[in-house]
Engineer: 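Structure in structure tokens, see below.
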Number of protein chains: 2
Amino acid sequence: MKESTQNQTDNKAFTEECHTVLTAVSDALYVIGGKWKLMIIIAMARGNKRFTEIQKQVTGISARVLSSELKDLELNGFIIKKVENGYPVTIEYELLPYSQTLEELVGAMTRWGIQHREKVKAEMGSEKSNKQ
Amino acid sequence: MKESTQNQTDNKAFTEECHTVLTAVSDALYVIGGKWKLMIIIAMARGNKRFTEIQKQVTGISARVLSSELKDLELNGFIIKKVENGYPVTIEYELLPYSQTLEELVGAMTRWGIQHREKVKAEMGSEKSNKQ
DNA sequence: CGGCATCCAAATAGATACTG
DNA sequence: CAGTATCTATTTGGATGCCG
């Protein structure tokens with residue numbers, strides 16, 4: 001994993017690999033980017049299926065935005081909207097198997113978020129009592 | 001990984017774990033969310049250090065936005081701006097070690113982006129020649 | 001409850017020109 | 001080259017009210 005000798009050869013491969021990675025990350029961000037999509041999927045993976053349940057878990061999201069995000073998620077094959085006819089009609093959203101492909105990504109992001117919060121906390125303490 | 005018996009006990013733990021995960025992901029998105037930050041870090045990790053180099057790699061970013069994003073990244077400890085006095089002054093941005101904590105996340109996102117693109121491509125093919 | 005329509009405010013981003 | 005300033009256009013989002 002360490003190299004420093006022949007850089008000319010590396011540079012070209014690096015540029016190509018860079019483009020590949022940038023394209024892939026760009027693709028991913030296009031589909032699951034934004035503040036809410038991953039958070040909605042996380043909330044749903046913990047058993048929240050109803051519109052208002054999800055809205056309660058995902059702090060700060062408005063009904064309009066949640067509605068729009070759910071549509072996007074359905075279009076992209078992560079969830080499905082189920083309408084049960086009865087008195088009254090109940091509507092539930094369910095995760096589809098494809099949403100499980102995000103597990104690794106969500107796990108990585110969760111771990112990073114936790115360690116980042118701790119890093120920030122540690123910096124706060126070590127900045128010579130620089131309170132605001 | 002399969003459970004269905006005692007759901008009451010699970011639900012409470014689930015709700016707490018849900019909140020933990022949502023908070024962590026929210027923290028992460030706050031710092032590295034948006035279209036550009038990860039892409040800039042990826043480009044820099046492949047050796048791009050100059051402003052225009054980065055702008056060339058990260059397709060579509062404007063100078064104004066790149067400038068603003070670089071400032072954010074510096075504030076959050078991912079990069080450092082180095083000014084070398086000479087004729088003319090050269091300015092380089094370098095990754096700091098903290099940016100390496102993102103490797104797992106970037107890797108997960110890259111893999112997901114690649115597989116997602118392939119899934120979409122496969123769907124295109126299987127949708128009875130439904131060209132647009 | 002689960003939304004959608006409307007209106008309006010704020011944030012974001014593109015284009016262009018300009019500077020040291 | 002490495003930005004900044006300005007202006008404008010577009011996107012996004014909150015608030016509210018309404019509907020089945």
Side-chain angles (χ1 to χ4, degrees), chain A residues 11 15 22 25-27 29-41 43-44 46-76 78-96, chain B residues 22 25-27 29-41 43-44 46-76 78-96:
Chain A
N11 277 345
T15 304
L22 283 177
V25 170
S26 180
D27 286 353
L29 288 175
Y30 184 78
V31 181
I32 54 156
K35 270 202 282 194
W36 303 119
K37 294 207 174 59
L38 281 182
M39 298 185 67
I40 292 168
I41 288 176
M44 290 181 66
R46 271 71 188 178
N48 301 286
K49 293 166 178 293
R50 307 294 299 272
F51 191 90
T52 37
E53 278 177 354
I54 300 170
Q55 197 182 5
K56 218 163 288 173
Q57 283 290 324
V58 182
T59 317
I61 197 169
S62 71
R64 198 181 59 149
V65 173
L66 177 55
S67 170
S68 150
E69 297 287 74
L70 287 171
K71 266 172 204 159
D72 279 0
L73 291 173
E74 191 173 13
L75 264 177
N76 282 302
F78 294 112
I79 67 175
I80 190 172
K81 177 177 179 173
K82 293 209 167 170
V83 181
E84 313 246 336
N85 292 320
Y87 312 102
V89 171
T90 61
I91 296 168
E92 292 195 341
Y93 294 90
E94 279 181 22
L95 290 179
L96 292 174
Chain B
L22 284 177
V25 170
S26 181
D27 287 352
L29 288 175
Y30 184 78
V31 180
I32 53 157
K35 270 201 281 193
W36 304 118
K37 295 208 172 62
L38 281 181
M39 299 185 67
I40 292 168
I41 289 176
M44 292 181 64
R46 272 70 187 178
N48 301 285
K49 293 168 179 293
R50 307 294 298 272
F51 191 90
T52 36
E53 279 178 353
I54 299 170
Q55 198 182 3
K56 216 163 289 174
Q57 282 292 322
V58 181
T59 317
I61 197 169
S62 71
R64 199 181 59 150
V65 173
L66 177 55
S67 170
S68 150
E69 297 287 73
L70 287 171
K71 269 171 202 160
D72 278 2
L73 291 173
E74 192 174 13
L75 264 176
N76 283 303
F78 294 113
I79 68 175
I80 190 170
K81 177 178 181 173
K82 292 207 169 170
V83 181
E84 314 245 337
N85 292 320
Y87 312 102
V89 171
T90 60
I91 295 168
E92 292 194 342
Y93 294 89
E94 280 181 23
L95 290 179
L96 293 174

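All chains are named by letter (A, B, ...) in the order of the sequence lines, taking the proteins before the strands, and each is independently numbered beginning at 1. Note that this is a predicted model, so its numbers are computed, not measured.
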Engineer: By nearest nucleotide on DNA chain D, pick out whichever of B/Ala63 and B/Lys56 is the more 5' one.
Structural biologist: B/Lys56
Engineer: Would you mind reporting whether B/Tyr93 and B/Lys49 have side-chain heavy atoms less than 4.5 Å apart?
Structural biologist: no
Engineer: With sequence neighbours left out, what residues match B/Leu96 under side-chain contact (heavy atoms from CB on, under 4.5 Å)?
Structural biologist: B/Ile80
Engineer: B/Asp27: which residues meet the side chain to side chain donor-acceptor pair (under 3.5 Å) condition with it, sequence neighbours left out?
Structural biologist: A/Arg117
Engineer: Quick check on the helix from C/dC1-D/dG20 to C/dG20-D/dC1: what's the angle between its two end axes, five base pairs per end, to the nearest 10°?
Structural biologist: 50°
Engineer: Calculate, to the nearest 0.5 Å, the distance between atoms CG and CD1 belonging to A/Leu70 and A/Ile79 respectively.
Structural biologist: 4.5 Å
Engineer: Tell me, which of residues 66-74 of chain B have any heavy atom that sits under 4.0 Å from an atom in DNA chain C?
Structural biologist: none
Engineer: Once salt bridge (charged side-chain N to carboxylate O under 4.0 Å, His left out) is applied, do any residues pair with B/Lys82, and if so which ones, sequence neighbours excluded?
Structural biologist: B/Glu94
Engineer: Who passes side-chain contact (heavy atoms from CB on, under 4.5 Å) against B/Thr90, sequence neighbours left out?
Structural biologist: B/Arg50, B/Glu84
Engineer: Would a 4.5 Å heavy-atom cut-off, applied to side chains only, mark B/Leu66 and B/Ile54 as touching?
Structural biologist: yes
Engineer: Which residues pass the side chain to side chain donor-acceptor pair (under 3.5 Å) test with B/Glu69, sequence neighbours left out?
Structural biologist: B/Lys37
Engineer: Mind checking which nucleotides bracket the chain A contacts on DNA chain D, 5' to 3', with an atom under 4.0 Å from a heavy atom?
Structural biologist: D/dG13 to D/dA15
Engineer: Tell me, for nucleotides 7-14 of chain C in 5' to 3' order, what letter each nucleotide earns: B for a base near a protein heavy atom under 4.0 Å, S for only sugar-phosphate near one, - for neither?
Structural biologist: B-----BB
Engineer: Is there side-chain contact between A/Ile40 and A/Phe78, with at least one heavy-atom pair below 4.5 Å?
Structural biologist: no
Engineer: What pairs with A/Ser67 under side-chain contact (heavy atoms from CB on, under 4.5 Å), at least two apart in sequence or on another chain?
Structural biologist: A/Phe51, A/Lys71
Engineer: Under the side chain to side chain donor-acceptor pair (under 3.5 Å) rule, collect the residues that match up with A/Asn48, sequence neighbours excluded.
Structural biologist: none
Engineer: Could you work out, with side-chain contact (heavy atoms from CB on, under 4.5 Å) as the rule, every residue matching B/Arg64, not counting sequence neighbours?
Structural biologist: B/Ser62
